[in-house]
Amino acid sequence: MNFPILTIVVPCYNEEEVLHETIEQLKTILDELVSSTNVSDKSKILFVDDGSKDHTWNMIYKECLKGEYVKGLKLSRNVGHQNALLAGLFTAKDASDCLITIDADLQDDVNAIKEMVCKYKEGYEVVYGVRSKRDSDSLFKRATAEGFYKVMARLGVKLVFNHADFRLMSRRAVEELHNFAEANMFLRGIVPLIGFSSTSVFYERKKRSAGETKYPLKKMFAFAFDGITSFSVTPIRFVLLVGCISFFVSMAFGAYFLALKFFGNTQLGWTSLITSIWLIGGLQLIALGLVGEYIGKIYKETKRRPKYIVDIDLFNLPVSRKLMNTEGMVYEPLDTEARKLSENN
């Protein structure tokens, strides 16, 4: 009997404080899945280093030398969480039957991976990891997150409520995802568009065990705004609506002031004049900025630049122990690509 080959994709950016524990927990889960014959012993954990400035890549590299499940993918620079996820998925898809994406901070429950695999074996091609509750979040974060999902639903964007990027996808689903060539990839909205059979697995999200969050308030708002503008033109239509309303309101006020002048009841109003100028000026700047955001996205799409560039690929490179390790022990490199790897470490 053939067992599915699973690859767990873990994007990492400056995660040295928590990475050791992440590696151990994921190796334990994968070992249990292999021992119970739920997945093949060819299954792997792929850590994607998204241009980290600490010792994240050195830690990944040392684990790769041990040859126990762990593989590494080093990107040439920081390209962002979403693109790092894509890099891992597209690198591992041809050698995997199903792939799971999970963050390195251990806030997502790694034990839910077992249930995801069971759902995959039942025939589901996409399994979403969904938070059962948000008690660990602050009141502000909870309110803004729920507001974001409601706004996206109003805009007609299909999202899975309380789902981030913890999910399982079959190889067929990832291959279809690869066909989405757009530069502005909002995965939480794109994955449901694939349309294959899907289900959800519920879990309780934990607090970060070490390190700092890579999504502060500023990045959260930027991420939300990017998701809205990537999937809907409703904001531009809203600007058009505001413009039309302002036009008709100004026409009404114009008629009113003409009537006052005709009856000789006009009064000089500095306050009303300045207020109207600032109001119209502000609306114009908002409209220009919003339209500019869409034009900027078009500009990015037309350039067709790659989403990421791979520096070192240890998933497809047969790395053995005969390499220079991070302690400086010198071994014979396998080939020219491996020699480059040893020189970088």
Side-chain angles (χ1 to χ4, degrees), residues 5-31 34 39-96 99-106 110 113 165 174 210-211 214 306-331 333-345:
I5 299 175
L6 168 68
T7 299
I8 303 174
V9 177
V10 189
C12 305
Y13 179 67
N14 295 339
E15 297 288 0
E16 65 175 354
E17 295 182 38
V18 73
L19 190 57
H20 177 74
E21 182 63 25
T22 303
I23 292 172
E24 292 304 316
Q25 289 196 24
L26 289 177
K27 284 170 63 176
T28 299
I29 291 295
L30 190 55
D31 190 54
V34 171
V39 299
S40 169
D41 57 3
K42 296 179 181 179
S43 299
K44 300 295 179 185
I45 307 168
L46 176 58
F47 288 91
V48 183
D49 178 36
D50 186 21
S52 298
K53 295 178 174 61
D54 58 6
H55 295 93
T56 296
W57 173 247
N58 289 337
M59 296 174 66
I60 296 171
Y61 176 63
K62 284 198 293 185
E63 285 294 327
C64 292
L65 293 179
K66 295 178 181 179
E68 299 176 358
Y69 298 133
V70 175
K71 295 290 184 179
L73 184 72
K74 187 177 189 298
L75 304 183
S76 62
R77 64 180 183 85
N78 179 253
V79 294
H81 179 266
Q82 300 287 282
N83 287 330
L85 277 180
L86 292 174
L89 288 172
F90 296 159
T91 297
K93 66 181 178 66
D94 293 333
S96 311
L99 303 97
I100 291 177
T101 56
I102 184 172
D103 290 342
D105 56 16
L106 293 179
V110 297
I113 292 175
D165 290 300
V174 175
K214 304 305 182 294
K307 298 179 181 67
Y308 56 86
I309 296 175
V310 175
D311 184 15
I312 300 172
D313 181 2
L314 299 185
F315 187 87
N316 297 303
L317 175 67
V319 177
S320 73
R321 299 173 191 267
K322 295 182 178 181
L323 291 172
M324 179 186 293
N325 63 21
T326 54
E327 280 76 23
M329 299 175 63
V330 181
Y331 298 91
L334 292 174
D335 50 26
T336 55
E337 189 169 1
R339 186 174 295 108
K340 174 188 174 184
L341 173 62
S342 64
E343 291 172 353
N344 288 340
N345 289 274

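Heavy atoms only, all atoms of each residue included: G80 and D50 are closest at N-OD2, 3.1 Å. Shortest non-hydrogen contact noted between G72 and L46 is C-CD1, 3.8 Å. Taking every heavy atom of both residues into account, V9 and G88 meet most closely at CG1-CA, 3.7 Å. Across all their heavy atoms, G51 and Y13 have their closest contact at O-CE1, 3.6 Å. Between A84 and V48, the shortest heavy-atom contact is O-CG1, 3.7 Å. Contact between L19 and C12 at its shortest, heavy atoms only, is CD1-SG, 4.0 Å.
Between atom CG of residue L6 and atom CD1 of residue I29 there is a gap of 11.0 Å, rounded to the nearest 0.5 Å. The distance from atom CD1 of I100 to atom CD1 of I113, rounded to the nearest 0.5 Å, is 5.0 Å. The CD atom of E63 lies 12.5 Å from the CG atom of L314; values are rounded to the nearest 0.5 Å. Rounded to the nearest 0.5 angstrom, I312 CD1 and W57 CH2 are separated by 5.5 Å. To the nearest 0.5 Å, atom CD1 of residue I8 and atom CD1 of residue I45 are 5.0 Å apart. Here CG of N78 is found 9.5 Å from CG of D49. Values are rounded to the nearest 0.5 Å.
Pairs of residues two or more places apart, or lying in two chains, never qualify as salt bridge (charged side-chain N to carboxylate O under 4.0 Å, His left out) while including a residue from residues 78-93.
Using a 4.5 Å cut-off on side-chain heavy atoms (C-beta onward), V310 and L75 make contact. Looking at L26 and F47, their side chains come closer than 4.5 Å, going by heavy atoms from C-beta outward. Taking the side chain as every heavy atom from C-beta outward, E24 and H20 approach each other to under 4.5 Å. Between D103 and H81 there is a side-chain heavy-atom pair separated by less than 4.5 Å. Contact of the I23 side chain with the V10 side chain is not registered, since no non-hydrogen atoms from C-beta on lie closer than 4.5 Å.
Under the side-chain contact (heavy atoms from CB on, under 4.5 Å) criterion, N83 pairs with V79, L86, K307, not counting sequence neighbours. Applying the salt bridge (Lys or Arg N to Asp or Glu O under 4.0 Å) test to K44 and every residue at least two apart in sequence or in another chain returns nothing. Scored by the side chain to side chain donor-acceptor pair (under 3.5 Å) test, Q25 finds E21 as partners (sequence neighbours excluded). S76 meets the side-chain contact (heavy atoms from CB on, under 4.5 Å) test with I309, D311; sequence neighbours excluded. F90 pairs by the ring pair (Phe, Tyr, Trp, His ring centres under 6.0 Å) definition with H178, not counting sequence neighbours. Contacts of S96 classified as side chain to side chain donor-acceptor pair (under 3.5 Å), with partners at least two apart in sequence or in another chain: T7. Remark: D54 pairs with N14, E16, S52, T56 by the side-chain contact (heavy atoms from CB on, under 4.5 Å) rule, at least two apart or across chains. Among residues two or more places apart in sequence or in another chain, the side chain to side chain donor-acceptor pair (under 3.5 Å) test is passed with S43 by none. Residues meeting the side chain to side chain donor-acceptor pair (under 3.5 Å) test with D41, sequence neighbours left out: none.
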Side chain to side chain donor-acceptor pair (under 3.5 Å) evaluation trace for Y69 with D31: CA-CA 9 Å; Y69 298 133; D31 190 54; 3.2 Å; yes
